[in-house]
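Single-structure report; data block below.
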Amino acid sequence: MTEQRPLDRQTMANRAAMEFQDGWVVNLGIGIPTLCSNFVHPDRRVIYQSENGLVNYGPLAAEGEEDPNLVNAGGQYVVEMAGMAVQDHADSFALIRGGYVDVTALGAYEAAANGDFANWKVAGARGGGIGGAMDLAVGAKNVFLLMEHTTKEGKPRLVERCALPVTARGVVTLVVTNLGLFRVAPEGFVLEEIAPGYAPSDVQAATDARLVVSPSLREFRRAG
Amino acid sequence: MTEQRPLDRQTMANRAAMEFQDGWVVNLGIGIPTLCSNFVHPDRRVIYQSENGLVNYGPLAAEGEEDPNLVNAGGQYVVEMAGMAVQDHADSFALIRGGYVDVTALGAYEAAANGDFANWKVAGARGGGIGGAMDLAVGAKNVFLLMEHTTKEGKPRLVERCALPVTARGVVTLVVTNLGLFRVAPEGFVLEEIAPGYAPSDVQAATDARLVVSPSLREFRRAG
Amino acid sequence: MRNKVYPTFDDAVADVPDGASVMLSGFAGPGTARNLIAALLRQGASRLTLIANTPGRWGDGRIDGGALIEQGRVAMVRAAFTASPHPSAASPFTELYEAGEIEAELMPQGTLAERIRAAGAGIPAFYTPAGAGTETALGKETRVFGGREHVMETALPADYALIRARRADRFGNLQYHRSQRNFGPVMARAATVTIVEVDEPVVEEGAIDPDHVHTPGLFVDRIVVVPPDGIREEPPNR
Amino acid sequence: MRNKVYPTFDDAVADVPDGASVMLSGFAGPGTARNLIAALLRQGASRLTLIANTPGRWGDGRIDGGALIEQGRVAMVRAAFTASPHPSAASPFTELYEAGEIEAELMPQGTLAERIRAAGAGIPAFYTPAGAGTETALGKETRVFGGREHVMETALPADYALIRARRADRFGNLQYHRSQRNFGPVMARAATVTIVEVDEPVVEEGAIDPDHVHTPGLFVDRIVVVPPDGIREEPPNR
């Protein structure tokens with residue numbers, strides 16, 4: 001029997017990034033999603049966009065080479081790309097809500113089988129951090145979630161219906177966790193790819209929603 | 001008895017321009033209003049703004065010195081001023097509706113004693129030409145009308161209530177015609193200044209609204 | 001990534017179907033994509049809806065939306081004018097419209113600009129004081145904010161935008177020159193397919209300062225450079 | 001025309017009264033008017049309403065809106081965050097807010113930006129899909145457009161805006177450098193009084209290309225140049 005090997009964060013990000021098509025406009029949320037830009041497609045051009053107004057920005061800046069006035073939406077210093085453009089905040093969110101973002105990859109506390117997700121408020125809190133997530137969730141053509149399959153305490157994050165206040169309803173198209181890759185279909189979570197050493201029943205046991213196992217289920221694809 | 005001398009168009013424009021205060025943002029409509037920019041205040045700076053996005057533009061361009069891509073809202077070629085800025089059309093009207101225009105000087109078919117005016121549609125027409133007038137009329141802090149006192153046929157243009165479809169309601173603050181200068185007050189048109197050789201009764205006879213004669217009525221002021 | 005630079009104006013407008021809605025940038029000349037409009041005229045698409053500041057004009061040898069109307073290609077115009085902006089100058093469109101031979105939706109210019117912006121900004125509707133209490137508000141929802149009546153206006157998108165700019169890089173980042181800008185930036189965002197004619201040769205990415213891009217390239221689908229024998233913007237008397 | 005260039009940050013914020021609403025530009029550092037905020041801190045105005053992307057932070061030696069909150073000068077915050085943007089990092093504001101010691105209105109970041117834009121654009125309200133069906137829409141009007149639920153959001157103006165730019169001319173025309181732009185242009189339009197700190201010396205009118213002005217000068221009321229010993233934007237590790 002193969003050893004169970006959940007994916008590390010970079011591998012999860014790489015797998016999501018493999019879905020980015022040539023010419024796509026991509027917005028990456030704080031956390032695992034920002035790691036997506038480390039994955040470089042040999043033959044595709046991906047255009048990164050950030051809420052604070054950058055269009056077509058480049059990779060993270062090396063230490064000592066930061067421009068103090070050039071950051072991505074996570075506040076990380078990035079480098080300028082040839083072909084970059086800067087917009088103000090209203091124009092930037094006009095772009096986002098206007099339907100020009102092909103995919104937003106976000107972190108989440110919970111993903112639900114009906115395409116809802118929750119990522120702005122924790123249980124019992126009065127407030128939270130919405131940031132650009134609600135605009136991105138309704139504006140982007142695809143919403144990918146990148147998240148650990150369970151909490152540190154082992155509680156499932158993939159659920160039938162969100163218990164936490166939602167960020168948006170019915171918008172999630174793909175979820176990548178350390179255990180599996182799931183399409184969100186009318187019938188719910190469809191397990192398409194699985195981490196090495198895991199059986200669908202293992203993943204189902206760590207999930208609070210009924211999983212549909214794809215007839216073409218396979219081990220996680222890797223680049224190369 | 002003095003000869004009756006109605007004002008010519010440039011003199012009407014000059015008189016209106018004398019009302020422009022230092023630092024005011026001014027928008028000039030097609031017709032008599034565009035002549036206002038020929039009047040130069042020795043000690044005031046007036047900032048001209050045009051619907052098509054120019055802020056702080058300069059005088060009309062001399063023939064042969066036109067920049068084919070530099071026109072005012074009337075389509076006239078203008079010259080660049082030091083300190084000019086260009087905006088797109090949406091931002092330009094945001095400025096206009098946003099309350100940054102101190103005065104718009106417009107032409108009109110009819111001005112009414114209640115501050116309504118009509119300048120976009122002639123009697124019996126199906127359509128007309130609105131242009132920027134409706135936005136300017138509701139966005140500018142002051143609406144000045146510059147117009148002939150009567151039609152060519154002698155029909156009064158200053159009326160109790162507009163017969164033509166209005167451009168905006170209750171917004172006119174000042175009307176300058178070739179016969180008089182009128183403040184629009186709660187009590188209606190207040191005749192403040194009068195053309196040389198005219199008596200208030202002459203002006204009243206050419207007007208379809210009851211005029212209030214200002215206790216400080218005087219002959220038209222001229223610059224200098 | 002697909003090459004956005006097209007060799008000819010005809011290639012760039014080849015797929016415009018009958019019945020398409022087409023935005024035309026331009027205000028009193030500057031910003032009018034005269035070469036693309038001329039190509040659309042050759043291409044033959046009909047029953048078009050034009051969205052532009054004015055319906056254009058014809059008879060003076062200059063190509064704008066009026067040329068499409070003159071050739072009977074246009075079913076509907078959405079604009080801030082159906083009569084000439086200069087009341088003393090007759091517009092051939094006015095006669096057609098007054099005779100009921102063409103349809104038009106007339107609206108305040110700021111409403112036109114903001115409706116186009118809204119379409120590109122994911123805003124389905126907004127309230128504006130412009131036009132409240134006038135004939136143009138008839139049949140529209142109104143609502144009082146701050147004691148003042150406002151009209152609800154809805155987003156105005158289009159299938160195509162034909163715009164003109166000064167310069168583009170290969171990604172489609174655009175710069176406009178002076179009054180050429182007008183409706184270009186908002187139309188580029190509001191149209192499904194944005195086609196731009198540029199006065200200068202296309203530059204490499206990186207040649208335009210990111211701070212000075214007026215329209216980010218992701219809004220631009222096709223670029224054609226105006227050749228030396230193309231139609232240039234000129235003052236009327238030159 | 002009145003001179004817009006002020007000698008000191010203290011002069012520029014001297015008239016901010018208790019209870020004023022103050023917009024603070026800035027996103028993760030760039031665009032934050034740290035010198036003006038420091039002056040407002042010295043000035044002493046209290047019961048302020050802050051309108052900003054985040055409530056800021058404190059304790060790390062950097063001045064932003066958080067410094068005003070820490071000193072008890074703020075009654076209300078309107079922002080896209082009450083917790084830290086980085087869920088793993090605690091924000092001191094969060095504790096105050098969760099304990100009910102300060103008020104806040106939390107909204108989507110795009111709604112914040114668009115509400116500010118609306119305030120400067122004469123648009124009293126608009127509809128957005130962001131937040132529909134979520135807790136943030138509770139108590140707000142909703143309406144279906146195109147089969148999709150939208151939330152009605154209203155304009156968000158302010159008494160003052162404190163923003164940071166790279167360069168200004170004497171008329172107040174501004175240019176921002178890269179991510180410094182963020183909320184600056186919309187806040188400058190939405191506030192009654194716009195005060196800007198600039199990194200470079202003020203230039204004469206005409207020194208900035210009209211095509212490359214980001215904020216036209218008529219939106220700017222006061223300008224202060226950041227002196228050599230002023231607070232400069234720096235990466236955290238320098």
Side-chain angles (χ1 to χ4, degrees), chain C residues 30-31 108-111 113-132 141-157 165-167 173-182 184-186 199-200 208-216, chain D residues 30-31 108-111 113-132 141-157 165-167 173-182 184-186 199-200 208-216:
Chain C
Q109 196 174 130
T111 297
E114 189 69 11
R115 289 181 66 192
I116 295 169
R117 180 197 179 265
I123 302 294
F126 60 90
Y127 293 90
T128 174
E141 274 189 50
T142 61
R143 180 158 172 164
V144 173
F145 293 93
R148 190 175 193 187
E149 189 172 78
H150 289 76
V151 185
M152 190 181 86
E153 297 283 357
T154 56
L156 182 56
R166 175 181 189 165
R167 182 189 288 137
N173 288 315
L174 301 183
Q175 288 185 319
Y176 307 88
H177 178 62
R178 305 296 187 258
S179 322
Q180 197 179 47
R181 196 179 320 182
N182 62 74
V186 285
D199 292 330
E200 298 180 7
I208 300 179
D209 185 327
D211 286 337
H212 300 156
V213 171
H214 298 137
T215 294
Chain D
Q109 196 174 133
T111 297
E114 189 71 10
R115 288 181 66 192
I116 295 168
R117 179 196 178 266
I123 301 294
F126 60 89
Y127 293 91
T128 174
E141 273 190 51
T142 61
R143 181 159 171 164
V144 174
F145 292 94
R148 190 175 193 185
E149 190 172 76
H150 290 75
V151 185
M152 191 179 86
E153 298 283 359
T154 54
L156 182 56
R166 176 182 190 165
R167 182 189 289 136
N173 288 315
L174 301 183
Q175 288 185 317
Y176 307 89
H177 177 62
R178 307 297 187 255
S179 322
Q180 197 180 46
R181 196 177 321 182
N182 62 75
V186 286
D199 293 328
E200 299 181 7
I208 300 180
D209 185 327
D211 286 337
H212 300 156
V213 172
H214 298 138
T215 293

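Letters A, B, ... mirror the listed sequences (proteins, then strands); counts begin at 1.
- C:Tyr127 touches chain D through backbone and side chain together, each having a heavy atom under 4.5 Å away.
- Residues C:Gly122 and D:Pro129 approach most closely at O-CD, 3.4 Å, considering heavy atoms.
- Note that CZ of C:Arg117 is 3.5 Å distant from CZ of D:Arg117, once rounded to the nearest 0.5 Å.
- Within the 4.5 angstrom heavy-atom criterion, no atom of C:Arg148 approaches chain D.
- Scanning both residues, C:Arg181 and D:Asp211, for their nearest heavy atoms gives NH2-O, 3.1 Å.
- Neither the backbone nor the side chain of C:Glu153 comes within less than 4.5 Å of any heavy atom of chain D.
- Ring planes of C:His212 and D:His214: tilted class, angle from 30 to 60°.
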